[in-house]
Amino acid sequence: MNQNNNIENVITRFAPSPTGFLHIGGARTALFNYLFAKRNNGKFLLRIEDTDKERSTQEAVDAIISGMEWLGLKHDGEIVYQSERAARHAEIAHELMVKGAAFKCYMTPEETEIERNKAFAEGRALRSPYRDNKEDFDKPFVVRLRAPDPAIEVIIDDKVQGQVKTIAKNLDDMILLRTDGTPTYMLAVVVDDYDMGVTYIIRGDDHLINAARQSVIIDAMGWQRPVYAHIPLIHGEDGKKLSKRHGALAVNEYENMGYLPEALDSYLLRLGWSHGDLDIVDLKEASNIFSLSGLGKSPSRLDFTKLGVVNAHFMKIADDKRLLNLVLEYAKNQDVSIDENKIKLIEPAIKDLKERAKTIGELLEQTAFLRANIPLEFNQKSKTLVEGEGKNVIALAIELLNTLIQWDRTHISETITKIATDRGVGLGKIGPVIRAALTGGLVAPDLSATIELLGRDETLVRLKNALDN
RNA sequence: GGUCCCUUCGUCUAUCGGUUAGGACAUCUGAUUUUCAAUCAGGAAAGACGGGUUCGACUCCCGUAGGGACUGCCA
């Protein structure tokens, strides 16, 4: 890629509030911010927006951090905790008051409610009766932003949404400092983004109107506005808002379901972003080509079938040892115990089995034929196959395989063909019988591969057992 | 209620006024076949609706319908 195409001085951030796990929508937002920073050799910062002490929890903070780690979205620098910056936020609020851009509002909650209803009825945003008051009272107060005159147009140039105009009558005198003097989100984001040097803000379009509100603060302070890119939200499979009903919101649930992080990254990337006909793109490649112009304006739906396909792709190219460990871990979570000698059987088989599985869970299922114990449980079909005439086939198989010198699928395949030839029948008569004897009906790879993977000892034991059955 | 955003095959999307509207997944058909997959070949499948602008609109404008967001001393 042409490094000269870099945009200078790119600093992005992901700023989740720790009120729950890292969900799929947040993960995508983080991903876009990460990629945009990487593409431009910039920085990707992480800030925890924990100004709401009631709802923020340490567990949520941990979940977000571990979720991002799992996805491979490493942030630069130290994590900024918004709650630790309250004094700085208050300082700016006071500066805004000095500039006349903010004021003390003494409305009680009841009075506010009445004003709000009035504004609602008039089709405009809340304005405080104290917005022009200069007098100090000995009463509890909040600090509000003095919204621009009603007729003024606040314009946001958004990289995704284009130019979005908001008429100021729809902008409220929003609260900057609560009665207890603590900052609200609206103030905190602006101050933190400024202090952190954030130049590009990529976030959900539920914040689109907030950009207008926040720009009022930025302008009042005489700061430079960041570049905005408001991306559409992700919807559930039914096209409705993503909610718990759709299940699987938290990224760690995807991990538990047996998806690979690089697959989730790749899938999420294509939800709302495109680059011509490119489909499956890994993080490394995306880091070279990601651009804001590839972002779409319309919301997209989650599609687990497609996620499965993408996951299958990444499983095929994943390291076998890593997959083995993931399978073992998955099995443990499912209370499936696998003893050492079975693991020895599974390890070399991963290479073949991963070609046939969409998830780690399916990969575990694929190992079932290896994990089966003697005597095998035969399903109805295989039971019939290993009886009667089938016994002769099995007997011959035992004889030939027993003396086979090179135990690999090529030679095994030759042996099976020989059995068919010896008995004067087609492979179709032989294969199913041996397969039934070896697996009892469980799914398995190609027959010769199955035999190779089972190994000589296990193969012969299973065949003899089927014979004695 | 008000303001803002969105609308191309079932799904993710390409198209940046002129294309037989392309790709991927799913689906269907065929090939392969020793289970289940995988794989290969081929098919069907779309511009929400109604007006404009233009020689020409998926593309630009307006309206309608549908979906979404915001409208907190939450973020």
Given the [atom1] atoms of [N] and [M], what is the spacing between them in whole Å?
N	M	atom1	result
B/C25	B/A45	C1'	13 Å
B/C73	B/A14	C1'	47 Å
B/C36	B/A31	P	16 Å
B/A44	B/G52	P	34 Å
B/A48	B/A65	C1'	8 Å

- prompt: Between B/U34, B/G22, B/A75, which nucleotide has the shortest distance from any of its atoms to the side chain of A/Gln82?
  reply: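 Given the options B/U34, B/G22, B/A75, the side chain of A/Gln82 is closest to B/A75.
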
Pairing partner of B/G42 (Watson-Crick or G-U wobble, both distances under 3.5 Å): B/C28

- prompt: Quick check: does any side chain N or O of A/Gln161 sit under 3.5 Å from a backbone N or O of A/His230, one acting as donor and the other as acceptor?
  reply: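 Yes; at least one donor-acceptor contact below 3.5 Å.
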
message: Using ring pair (Phe, Tyr, Trp, His ring centres under 6.0 Å), reason through A/Phe44 and A/Phe36 one step at a time and then give a plain yes or no.
response: CA-CA 8 Å; A/Phe44 167 62; A/Phe36 187 65; over 10 Å; no

task: Check whether any side-chain nitrogen or oxygen of A/Arg270 sits under 4.0 Å from OP1 or OP2 of B/A14, and answer yes or no.
output: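 Checking A/Arg270 against B/A14: no side-chain N or O falls below 4.0 Å of OP1 or OP2.
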
message: A/Asp195 and salt bridge (charged side-chain N to carboxylate O under 4.0 Å, His left out): which single residue from A/Arg85, A/Arg13, A/Arg47 fits?
response: A/Arg85

- request: Verify the stacking flag for A/His207 against B/A69: centroid separation must be under 5.5 angstrom and the ring planes must differ by under 30 degrees.
  value: no

